[in-house]
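To start, the structure under review is shown below, and the notes come after it.
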Amino acid sequence: MSFVEYSEFIQEGDVAIIFLGHDSMMPVKVQQGAQTQTRYGVIRHSKDLIGQRFGTKVTCSKGGWVYVLHPTPELWTLNLPHRTQILYTTDIANITMMLELKPGSVVCESGTGSGSLSHAILRTIAPTGHLHTVEFHQQRSEKAAEEFREHRVGHLVTVRNQDVCKEGFGVTGVADAVFLDIPSPWEAIQHAKNAMKKHGGRVCSFSPCIEQVQKTCEALADHGFEEISTLEVLLRVHDVRSITLPLPDFGSARPLETPTPVSSNNSVLCKTTTPPREMAGHTGYLTFATKPRM
């Protein structure tokens, strides 16, 4: 099992996603002799998981069933242990596209945090790219490195425990793209520029406050970056449901005719969408810029 390569069968040591429903999932590390308790009963790893295909429907001890899914960056984002606030799929999709990431890209990232974006980047740049990720907090950096090894993507990433605003990314002239998710990104713009290749590249900064965006844009302009733009991504999910509507009575075709009463059974079943009464609002501002060729 690897987060960047699909495996057909579940093996000991794999991470699998137990799918109980769209709003109920959990990651498990598959181990010989281990058990996982769910509301539908116990899943026995040796019997129910090891050797089975990913995607298998597993019957639990109480008779209920779950699906065992292959891990992906999208599923991991929904199930990972939160060590920090994380980025979700809506922002991640725009970041990977706007940074023009592709297989073979070299990317610098700060900070690593819980690794939500990191896994999406690694899947995009595999098999020949590399991610240099910097985390200020020592325990978080150690845990992130451990997860990358466990998910079998360790060969694609280098984790550094340092202050990117003071020490940079630890590399010079190698990055095609740089991503910043730190409190004061404007202090790391020079380091981002130094880490990028001479032929240029793209940089993205994620900030929750507009004051951070203003300072970052000023720093990007001062350091010669071009095509500076800021956007905000809002997701609005519509609920699809079936409703019954009465057929309208348009009256008689001839005005002098007595109208025929319409039976209450004259109705039609149709599909419709309903916008949510409440929706997730602001997550953060994404600021993008381009480093020109030198």
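Since we're looking at a predicted model, the values are computed, not measured. Each residue takes its place number in the sequence, starting with 1.
- By the 4.5 Å heavy-atom criterion applied to side chains, Cys204 and Leu286 are counted as neighbours.
- Interatomic distance, Phe206 CZ to Thr216 OG1, rounded to the nearest 0.5 Å: 12.5 Å.
- Put simply, the side chain of Trp186 does not reach to within 4.5 Å of the side chain of Glu218, judged on heavy atoms.
- In this pair, Tyr67 and Trp65 present their aromatic rings perpendicular. The plane angle is above 60°, beyond the 30 to 60° band.
- For the pair Gln35 (side chain) and Val42 (backbone), a donor-acceptor distance under 3.5 Å is absent.
- Counted within 6.0 Å of CD on Gln139, heavy atoms from surrounding residues, nucleotides or ligands total 12 or fewer; the atom is thus considered open.
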Validation: residues 96-104 side-chain donor-acceptor distances under 3.5 Å, sequence neighbours left out:
{"unit_1": "Thr96", "atom_1": "OG1", "unit_2": "Ile92", "atom_2": "O", "d": "3.1"}
{"unit_1": "Thr96", "atom_1": "OG1", "unit_2": "Ala93", "atom_2": "O", "d": "3.1"}

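- Residues Tyr88 and Leu231 fall within the same hydrophobic cluster, defined by Ile, Leu, Val, Met, Phe, Trp and Tyr side chains chained together at heavy-atom separations under 4.5 Å.
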Taking only distance into account, with no hydrogens and no angle test, what donor-acceptor pairs under 3.5 Å do side-chain atoms of residues 163-170 form with protein atoms, sequence neighbours excluded?
{"unit_1": "Asp163", "atom_1": "OD1", "unit_2": "Cys165", "atom_2": "N", "d": "3.0"}
{"unit_1": "Glu167", "atom_1": "OE2", "unit_2": "Asp163", "atom_2": "N", "d": "3.3"}

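- The shortest non-hydrogen separation linking Lys271 to Ser242 is NZ-OG, 3.2 Å.
- Glu135 places a side-chain N or O within donor-acceptor distance of the main-chain N or O of Gly113, the cut-off being under 3.5 Å.
- No chain of hydrophobic side-chain contacts below 4.5 Å, direct or via other Ile, Leu, Val, Met, Phe, Trp or Tyr residues, connects Phe288 to Val203.
- Between His45 and Thr36, the closest heavy-atom pair is NE2-OG1, 2.7 Å.
- Classified by interplanar angle (parallel below 30°, tilted 30° to 60°, perpendicular above 60°), the ring pair His132/His130 is tilted.
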**Request:** Show your working on side-chain hydrogen bond (donor to acceptor under 3.5 Å, both in side chains) between Arg140 and Thr112 and close with a plain yes or no.
**Result:** CA-CA 8 Å; Arg140 287 202 294 262; Thr112 313; over 6 Å; no

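- Between the NZ atom in Lys193 and the OG1 atom in Thr172 there is a gap of 13.5 Å [rounded to 0.5 Å].
- Taking OG1 of Thr89 as the start and CG of Asn94 as the end, the distance is 11.5 Å to the nearest 0.5 Å.
- A donor-acceptor pair is defined here as one N or O able to donate and one able to accept, closer than 3.5 Å; such a pair exists between the side chain of Ser2 and the backbone of Val4.
- Placement of Leu75 and Val15 in two distinct hydrophobic clusters is found when ILVMFWY residues are connected by side-chain heavy-atom separations under 4.5 Å, directly or transitively.
- The CD1 atom of Ile50 sits 9.0 Å away from the CD1 atom of Ile10 when rounded to the nearest 0.5 Å.
- Applying the salt bridge (Lys or Arg N to Asp or Glu O under 4.0 Å) criterion to Lys143, with sequence neighbours excluded, gives Glu146.
- By the 30° and 60° cut-offs, the orientation of the rings of Phe3 relative to Trp76 is perpendicular.
- The side-chain heavy atoms of Ser110 and Phe136, taken from C-beta on, include no pair separated by under 4.5 Å.
- Across every non-hydrogen atom of His223 and Gln190, the tightest pair is CD2-OE1, 2.8 Å.
- Within the 4.5 Å cutoff, no side-chain heavy atoms of Arg83 are placed close to those of His137.
- Taking the side chain as every heavy atom from C-beta outward, Phe179 and Leu87 approach each other to under 4.5 Å.
- In this structure a side-chain-to-backbone donor-acceptor pair under 3.5 Å is present from Lys291 to Lys197.
- One N or O on the side chain of Gln212 and one on the backbone of Pro183 form a donor-acceptor pair closer than 3.5 Å.
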**Asked** Could you walk me through whether Arg152 and Glu5 pass the side-chain contact (heavy atoms from CB on, under 4.5 Å) check?
**Response** CA-CA 9 Å; Arg152 298 175 192 171; Glu5 295 178 2; over 6 Å; no

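- With hydrophobic clusters built from ILVMFWY side chains whose heavy atoms lie under 4.5 angstrom apart, Ile121 does not share a cluster with Val174.
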**Asked** Does the side-chain hydrogen bond (donor to acceptor under 3.5 Å, both in side chains) test come out yes or no for Asp14 and Ser7, once each step is laid out?
**Response** CA-CA 10 Å; Asp14 285 353; Ser7 301; 5.7 Å; no

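- Side-chain atoms of Met196 and Val178, non-hydrogen and from C-beta on, do get closer than 4.5 Å to each other.
- Sparse packing is recorded around NE2 of His22, with 12 or fewer heavy atoms of other residues, nucleotides or ligands lying under 6.0 Å away.
- Remark: side-chain polar atoms of Thr38 are paired, donor with acceptor, to backbone N or O of Tyr40 under 3.5 angstrom.
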**Stepwise side-chain contact (heavy atoms from CB on, under 4.5 Å) check, Lys215 with Ile189** = CA-CA 11 Å; Lys215 290 185 178 181; Ile189 298 301; over 6 Å; no

**Request:** Could you go through the side-chain contact (heavy atoms from CB on, under 4.5 Å) check for His70 and Met1 one step at a time?
**Result:** CA-CA 8 Å; His70 195 287; Met1 182 280 313; 4.1 Å; yes

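- With contacts defined as side-chain heavy-atom distances shorter than 4.5 Å, the pair Asn161/Glu142 does not qualify.
- At a threshold of 4.5 Å between non-hydrogen side-chain atoms, the residues Ile86 and Thr77 count as touching.
- Nearest heavy atoms, Gly41 versus Ser61: CA-OG, 3.3 Å.
- Atoms CG and OG1, on Leu245 and Thr272 in that order, are 8.0 Å from each other to the nearest 0.5 Å.
- Distance CD1/Ile43 to CD1/Ile18: 4.0 Å, rounded to 0.5 Å.
- A donor-acceptor pair is defined here as one N or O able to donate and one able to accept, closer than 3.5 Å; such a pair exists between the side chain of His282 and the backbone of Pro208.
- Considering all non-hydrogen atoms of both residues, Arg293 and His199 come closest at CG-O, 3.1 Å.
- The heavy-atom pair separating Arg236 from Pro275 by the smallest distance is NH2-CB, 3.2 Å.
- Of the possible polar contacts, none joining the Asp181 side chain to the Gly111 backbone as a donor-acceptor pair under 3.5 Å is found.
- With hydrogens and angles disregarded, no donor-acceptor distance shorter than 3.5 Å links the side chain of Thr133 to the backbone of Val159.
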**Item:** Leu131 and Ser118: CA distance, side-chain angles, deciding distance, side-chain contact (heavy atoms from CB on, under 4.5 Å) verdict
**Value:** CA-CA 8 Å; Leu131 172 65; Ser118 305; 4.0 Å; yes

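- Using a 4.5 Å cut-off between side-chain heavy atoms of Ile, Leu, Val, Met, Phe, Trp and Tyr, with links allowed through other members, Phe54 and Ile17 fall into different hydrophobic clusters.
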